[in-house]
Structures are given as C-alpha cells and as structure tokens.
Protein chains: 2
Amino acid sequence: MEKRTRVPEPTIARLATYFRCLADLSDQGVGVVSSEEIAFRAGVKASQVRKDLSYFGEFGVQGLGYPVPGLLKRVASILQLDQQHRVALVGAGNLGTALAGFPGFARWNFHILWIFDSSPARIGQEINKVKVEPMSVLPRELPADLGILAVPGHAAEDVAKLLVASGVSALLNFTGAHLHLGPGVSVRNVDLTHELAILAYHAQRLEQ
Amino acid sequence: MEKRTRVPEPTIARLATYFRCLADLSDQGVGVVSSEEIAFRAGVKASQVRKDLSYFGEFGVQGLGYPVPGLLKRVASILQLDQQHRVALVGAGNLGTALAGFPGFARWNFHILWIFDSSPARIGQEINKVKVEPMSVLPRELPADLGILAVPGHAAEDVAKLLVASGVSALLNFTGAHLHLGPGVSVRNVDLTHELAILAYHAQRLEQ
DNA sequence: TAGATTGTTAATCGATTAACAATC
DNA sequence: TAGATTGTTAATCGATTAACAATC
C-alpha cells in the first residue's frame, strides 16, 4: 500500500463511480468482482481501478478479485457515504427546488435540512417538508457540513461567504460564478450552460 | 498560431468560463482586457489563458491586451454560442422539469424544443410552453443537435440510443449511469450525487 | 523610446497506462 | 500445480506553467 501520497482529485471522482457500480453488483448478489469488470462498468481501464484503490489500501485477493460487500463498505467509508450528511441549500428558485426534491440525494445519505431564499414570495413556503427561511438570518451556526449554492451569479460570492461563516466547509456551486474563497473551503462547480456549450463545440465537429 | 493540434478538453471547458467573464466585461463597457485580468476572474493562471486562446488563433495586441468585443465574438463562435441550439429533453421528473425552465439555457442560445416522458401522468402536460410527448414516439427524426438525459439510471442507455437514432450527436447525461455509446457521440456526465460525495470526502479532511 | 503584454517554446508537473512480480 | 488477478513500479502521455523573445 502506498503511504500518504496526496490522492489525485480525479481518483476521488472515480471512486464515486465505483461506488455506484459496486452497489449495483451488490444488489445483483454478486460476491466477487475483478478490476476488469469494475473498469468496464465505469468506463475506465482496469489498471486505473487498481491504482485508484491502492491509494487507500489493499482490498483485493490475488487471483480472485475484490469481495463486493467488503469493497463497497470501504469505498463508502472513504467517501463518507456511510454517514448522514446535513446540507444547507441557498436559493429556492427553479433549480434549487428541484435539488431539494432530488431523490438521489437521500439515497446517498445527503439530507437537505435548511433552505434559504431572499424572495418574500418564497419565504415560509415548504419544499419537501423543509420551510424556506429568509437569507437575512445568515450567518447562523448551522450543524451542516455541505452547502449548495443555487442563487443568481451576482449573489454567489456573498452567499458563499455567509455559508462558510455559518460553518459549512464544502460547497456545491451552481451559479457559474468563480468563487474567490480561502483554502479552507472545498468547492465543486457545476455549470449547466457550460456543459451545453462544451457539447455544442463537439456536436459541430461531429457533424462534419 | 499553433496549427491543428488537438485541443485539450479542459481548454474547451475553460473557454466557456472565459466567455462568461468576457460577457461581464462587455456589459461593464470594458474595451480591452489582459490575460492577467481574465485569469483572475476565471480562477486560472494568465499563461493558461493565453495558451488556451492560442489553439484558435491570435486575438490579442502585444503590450495592450485583448479587445473585449472581438474576443467575445470569437469565443462565442468557437463554442457555437452565436447559433441557436435545439435541444431534446427526455425525462420530465423533478430535475427534467427544472432544466426545462432553467433561464440560463435560453440566455446562452439553448432552446429545449422537445420533452419526452414515459409516464402517462406527465404526457400531454405543458412545461415552459412545450408539450410533453410519449417516449414511445422515439426514435423520430429530430432537428436537434443536443439531448439531455434526465431519466432514471436503469433506463439511461436505452434512451440514449433512441436519442442518437433520432439524430442527436451530443448528450448531457444526468443519470449517473455510464453510457456505452460509439465514438460518434459526445457525452458529458453530470452526476449531482457524485459531486456531493466528492465534497463529503474533502469536508471530512478539512474538519481535522 | 520605455513599458507592457502577447504568443510560443521548453520545462515541469501530475495523471494514466502497461507491464510484471507477487501470490491466492 | 496451473491459472488468474492483484498491487506496484516504471514508462508514457498530456496538460500546466514559467520564461522570454517578439512587438505593439
């Protein structure tokens, strides 16, 4: 086992993919799986799977493969998916509302427990059993580890700072704005228009 | 200018970020901008900006910077954002409905013109002025270049193939499933639970 | 002209992949 | 034992960055 090398970010992202594959295999009652099979399902190379897992320990049996239940548990534990996560959502517009009701979150142990918005029309409404609170109560000590930003781009940075001041240490940012935050906060940017733009670029090249 | 080297995928993704920065600058009436300033707004290095742009030509003036209107137009043209895009959406659940009404899409010239779903409860409904059609009409020749997959994971691959058979050459995949499609189709995967899992991993490390 | 900033090269960095010894 | 597959090393590949000559 490799000792405490920094784990590459792409490895973490792939681990989530492996988790999903392993959960499927587990549902199907498969007991042991090879890196080759995981790789095929995840769309990567087998050596990549082995390398990724090796950052965290030795989970396989030579000549045989990986015991599915054991590996599933270990990957879940690495990604903290064996724990309940409390999530604060800011922005109860179109997208925020959809995110609040997204069934995939609960299945992965992510629970949106707070929703904030600045629009009087939305404050007080209930979305998925959570009451929308005014943004003006922020910052407020929140026992949440994760935050989701679904506000307009121009408000992004200010709201991000309020969430961080409320105790959130990782943010999922849907605003498209680049956040200038300190090194103590982890950010993942999801920009839906960017994704379509990238596809538009490729579609044009594929049409020729 | 570099000649016809393959453009790295991360470069294309950053181009979308630059586009947004340039649009902001243009709105503010800024006439000329340096790679340094673009880089700061986009959260990258200045040399990265210059390198990225150099794949497509020379757009700057030495000693001065880049003329904002000109560069904005060029980047828009590279990403095909100067053209209307017709998008087919499959899956009118929680997420699909939110996507259909996402105002960012229209602003970037992406128009969802078709919505398909298999649930009788949803078929015939109107979402954002588009009538939901039964999935059973697919495949059908669609003058669409882009497709969005917002169906449950187990249906993902079948639906993807129907869209491809309908003429779509690029897919935005929200299902979390890995799609085994040929090389003639471009796919971007957006997996919201994966994003939260990655953040959960980092949040744990930041808390120590 | 002096100062500034581009475009491009070459060096660096980091991630992916192939290969294979270890071993079940 | 023979066959299979892991864990790990070393080679490859590709992307980022620094540096600087070109030039406005």
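No hydrogens, no waters, no symmetry mates; every other heavy atom, side chains included, goes into these values. Fair warning: this is a prediction, and the values are worked out from it, not measured in the lab.
- In this entry the distance linking CD of A:E36 with P of D:dT6 reads 8 Å, nearest Å.
- Remark: A:Q48 is in phosphate contact with C:dT16, judged by side-chain N or O atoms under 4.0 Å from OP1 or OP2.
- A:K51 places its NZ atom 14 Å from the P atom of C:dG14, with the value rounded to the nearest Å.
- Distances shown here put a side-chain N or O of A:S35 below 4.0 Å from the OP1 or OP2 atom of D:dT6.
- A sub-4.0 Å separation between OP1 or OP2 of C:dG14 and a side-chain N or O of A:R6 is absent.
- The closest side-chain heavy-atom distance from B:F110 to B:L81 is below 4.5 Å.
- The side chain of A:Y66 sits closest to D:dT6 out of D:dT6, C:dC24, D:dA18.
- Comparing A:P10 and A:L64 by the nucleotide of DNA chain C that holds the closest heavy atom to each, the one mapping nearer the 5' end is A:P10.
- Protein atom CG of B:D52 is 15 Å distant from nucleotide atom C1' of C:dT6, rounded to whole Å.
- Annotation: side chain of A:T175 is not in contact with side chain of A:E157 (no heavy-atom distance under 4.5 Å).
- Between B:V33 and the options B:V49, B:L64, B:L22, a side chain to side chain contact (heavy atoms under 4.5 Å, CB included) holds for only B:L22.
- The listed nucleotides are D:dG7, C:dT8, C:dT16; the one nearest the side chain of B:E58 is C:dT8.
- Note on A:R50: every side-chain N or O is 4.0 Å or more away from OP1 and OP2 of C:dT17.
- Between A:P8 and B:V33, the residue anchored nearer the 5' end of DNA chain C, judged by the nucleotide with its closest heavy atom, is B:V33.
- The interatomic distance linking B:F59 (CZ) with C:dT5 (C1') rounds to 17 Å, in whole Å.
- B:S47 comes within 4.0 angstrom of a nucleotide base, judged by non-hydrogen atoms across all strands.
- Of the candidates D:dA18, D:dC24, D:dT6, D:dT6 carries the atom nearest the A:S34 side chain, counting heavy atoms from C-beta on.
- Distance, B:E9 CD to D:dA15 P: 10 Å, rounded to whole Å.
- Residues A:N173 and A:R188 form no side-chain contact, since every pair of their non-hydrogen atoms from C-beta on lies 4.5 Å or further apart.
- We find that OH of A:Y18 is positioned 12 Å from P of D:dT6, with the value rounded to whole Å.
- Summarising the geometry, the separation between CD on A:Q62 and C1' on C:dT23 is reported as 5 Å, rounded to the nearest angstrom.
- Nucleotide D:dG7 has C:dC20 as its partner under the Watson-Crick or G-U criteria, with both atom distances under 3.5 Å.
- Within 4.0 Å (heavy atoms only), A:T11 reaches no atom of the nucleic acid at all.
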- Give the C-alpha distance, both sets of side-chain angles, the deciding distance and a yes or no for side chain to side chain contact (heavy atoms under 4.5 Å, CB included) between A:H194 and B:T17. CA-CA 7 Å; A:H194 285 197; B:T17 310; 3.5 Å; yes

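- With rounding to whole Å, B:L53 atom CG is found 15 Å from D:dT16 atom C1'.
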